[in-house]
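Both backbone and side-chain heavy atoms feed into the values below; hydrogens, waters and symmetry mates do not.
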Amino acid sequence: MADQRVVIVTGGGTGIGAATARLLRAAGHQVVVSGRRPEPLHRIAAETGALAHPSDTGDQDAVRGLVDAAVSAYGRLDGLVLNAGTGRSGAVGDLSVEDWDAVIRTNLTGPFLLQRAALPHLLEARGAVVAVASVSALRNGAGNAAYATSKAGLLQLCRSLAVDYGHRGLRANVVCPGWVRTEMADRRMARFADEAGLDGSDAAYREATRLVPAGRAGDPQEVAEVVGWLLSPAASFVNGATLTVDGGVSAVDPGTAAFDFRIEPRGGSAPSAGR
């Protein structure tokens with residue numbers, strides 16, 4: 001197909017990354033899914049025909065190997081979906097240096113290393129980068145220092161690509177999801193349910209999304225559709241943009257929330273918006 005593209009999707013074995021891989025493959029594009037855990041990557045590869053390449057994007061040599069594998073298999077590289085992510089709860093005074101380093105390495109250093117390794121190929125293809133950040137890049141919550149900082153940095157990293165290389169045809173944009181029902185979010189909701197005495201994860205999702213105008217958490221496919229559009233020629237004049245995919249929650253004024261909801265504070269750490 002004339003519009004066929006080659007795209008690397010990090011964190012491609014589960015959640016938004018897996019949904020993006022499915023969407024791109026269904027559209028006829030070549031996809032390389034990457035992540036630290038081989039098993040989910042191989043499941044997605046078997047399901048979709050994507051190429052699985054397990055790697056740690058926080059490792060410079062592994063990142064070079066990932067880019068080389070994509071170019072060797074398909075002869076080019078047109079896009080990156082920077083979706084790999086992790087989180088550690090804690091305020092600045094509570095976070096260990098090890099937890100801080102782990103979050104920054106995965107959520108910010110890894111995307112930098114991959115962008116740098118892929119840059120010559122992306123410039124040749126006049127390609128596109130889409131980073132999956134979070135509404136935490138724009139708004140913050142309690143006990144969320146490392147995650148929110150890493151995602152805000154990711155936003156500016158992609159803006160730097162747009163500013164520095166836009167004149168050479170490269171586009172770089174960011175999507176900021178709110179709560180989306182992924183494996184990562186499911187684990188946080190299970191903990192939230194225990195902390196708050198709620199009846200399971202479904203009740204936790206309902207509680208966490210009470211202020212979301214859409215009235216629910218998102219589905220990974222809904223975010224993948226936005227990612228796919230940003231990678232496509234349909235978004236050819238969209239560069240350096242940040243799109244919230246959050247059911248409208250970032251439009252809510254917290255100062256007026258009490259007029260519609262009764263908010264009862266709880267003890268313990270509050271959940272942060274996640275993927």
- Message: For R191, is there an ion pair with D194 - N to carboxylate O distance below 4.0 angstrom?
- Response: no

- Please name the pair of heavy atoms, one in G87 and one in V103, separated by the smallest distance, quoted to 0.1 Å. C-CG2, 4.0 Å

- Message: Could you report the tightest heavy-atom contact between G12 and V33, atom names first, then the distance?
- Response: O-CG1, 3.8 Å

- Looking at E47 and R22, does any basic side-chain N land under 4.0 Å from a carboxylate oxygen? yes

- Query: Between S201 and D186, does a side-chain contact (heavy atoms from CB on, under 4.5 Å) hold up when you go through it step by step?
  - Reply: CA-CA 7 Å; S201 293; D186 286 348; 5.6 Å; no

- Task: Can you establish whether the number of heavy atoms outside D253 located under 6.0 Å from its atom CG is more than 12?
- Result: yes

- Task: Over all heavy atoms of both residues, which pair between L108 and S150 is shortest? Give the atoms and the distance, please.
- Result: CD1-O, 4.1 Å

- Message: I'd like to know if D3 and R5 make a salt bridge, using a cut-off of under 4.0 Å between side-chain N and carboxylate O.
- Response: yes

- Let me know which of L82, L80, V132 forms a side-chain contact (heavy atoms from CB on, under 4.5 Å) with P111. L82

- Message: Measuring only between side-chain heavy atoms, which start at C-beta, is T242 closer than 4.5 Å to L155?
- Response: yes

- Item | Pairing of R188 and E195 as salt bridge, 4.0 angstrom limit | yes

- Task: Go through the steps for V81 and L231 under the test side-chain contact (heavy atoms from CB on, under 4.5 Å), then give the verdict.
- Result: CA-CA 9 Å; V81 178; L231 289 170; 3.8 Å; yes

- Are any of the side-chain heavy atoms of W229 and V238 separated by less than 4.5 Å? yes

- Query: Yes or no on side-chain contact (heavy atoms from CB on, under 4.5 Å) for L170 and R126, after CA distance, side-chain angles and deciding distance?
  - Reply: CA-CA 5 Å; L170 180 63; R126 299 178 71 85; over 6 Å; no

- Task: Please examine the side chains of I8 and L77, heavy atoms only from C-beta on, and report whether any two atoms are closer than 4.5 Å.
- Result: yes

- Message: I'd like to know if the side chain of S89 pairs up with that of N144 as donor and acceptor (distance under 3.5 Å, no hydrogens or angles considered).
- Response: no

- Message: What I want to find out is whether D99 reaches R88 closely enough, with some N-O distance under 4.0 Å, to be called a salt bridge.
- Response: yes

- Is L157 linked to L113 within one hydrophobic cluster, defined over Ile, Leu, Val, Met, Phe, Trp and Tyr using a side-chain heavy-atom separation of less than 4.5 Å? yes

- Is there side-chain contact between T14 and R37, with heavy atoms separated by less than 4.5 Å? yes

- Message: Testing the basics here: between A133 and C176, what is the closest heavy-atom pair and its distance to 0.1 Å?
- Response: CB-SG, 4.0 Å

- Item | Sub-4.5 Å side-chain heavy-atom contact between V129 and R171 | no

- Query: With the threshold set at 4.0 Å, does a side-chain nitrogen-carboxylate oxygen contact exist between R216 and E222?
  - Reply: yes

- Find out whether V175 and L230 are in side-chain contact, i.e. whether some heavy atom of one side chain is under 4.5 Å from a heavy atom of the other. yes

- Query: Going by an N to O cut-off under 4.0 Å, is there a salt bridge joining R139 and D246?
  - Reply: no

- Item | Intermediate values then yes/no, side-chain contact (heavy atoms from CB on, under 4.5 Å), Y74 and V32 | CA-CA 10 Å; Y74 302 116; V32 181; 3.9 Å; yes

- Query: Is there side-chain contact between Y165 and L122, with heavy atoms separated by less than 4.5 Å?
  - Reply: no

- Message: Tell me the closest heavy-atom pair linking L114 and V63, and the distance in Å.
- Response: CA-CG1, 3.5 Å

- SB check D164 R159 (cutoff 4.0 Å): no

- Euclidean distance, Q115 CD relative to L154 CG, rounded to 0.5 Å: 7.5 Å

- Note on the structure: For M189 and A208 the tightest heavy-atom approach is CE-CB, 3.4 Å

- Could you tell me whether the side chains of T10 and S34 share a donor-acceptor contact shorter than 3.5 Å? no

- Identified side-chain contact (heavy atoms from CB on, under 4.5 Å) counterpart of V227 within the set V245, N173, V130, L243: V130

- Message: Pairing donors with acceptors under 3.5 angstrom, does anything connect the side chains of R36 and T106?
- Response: yes

- Item | Min side-chain heavy-atom separation V6-H29 under 4.5 Å | no

- Message: Please determine whether side-chain hydrogen bond (donor to acceptor under 3.5 Å, both in side chains) holds for the pair Q30 and R76, giving the CA-CA distance in whole Å, both sets of side-chain angles, and the decisive distance to 0.1 Å.
- Response: CA-CA 10 Å; Q30 301 294 353; R76 57 185 293 157; over 6 Å; no

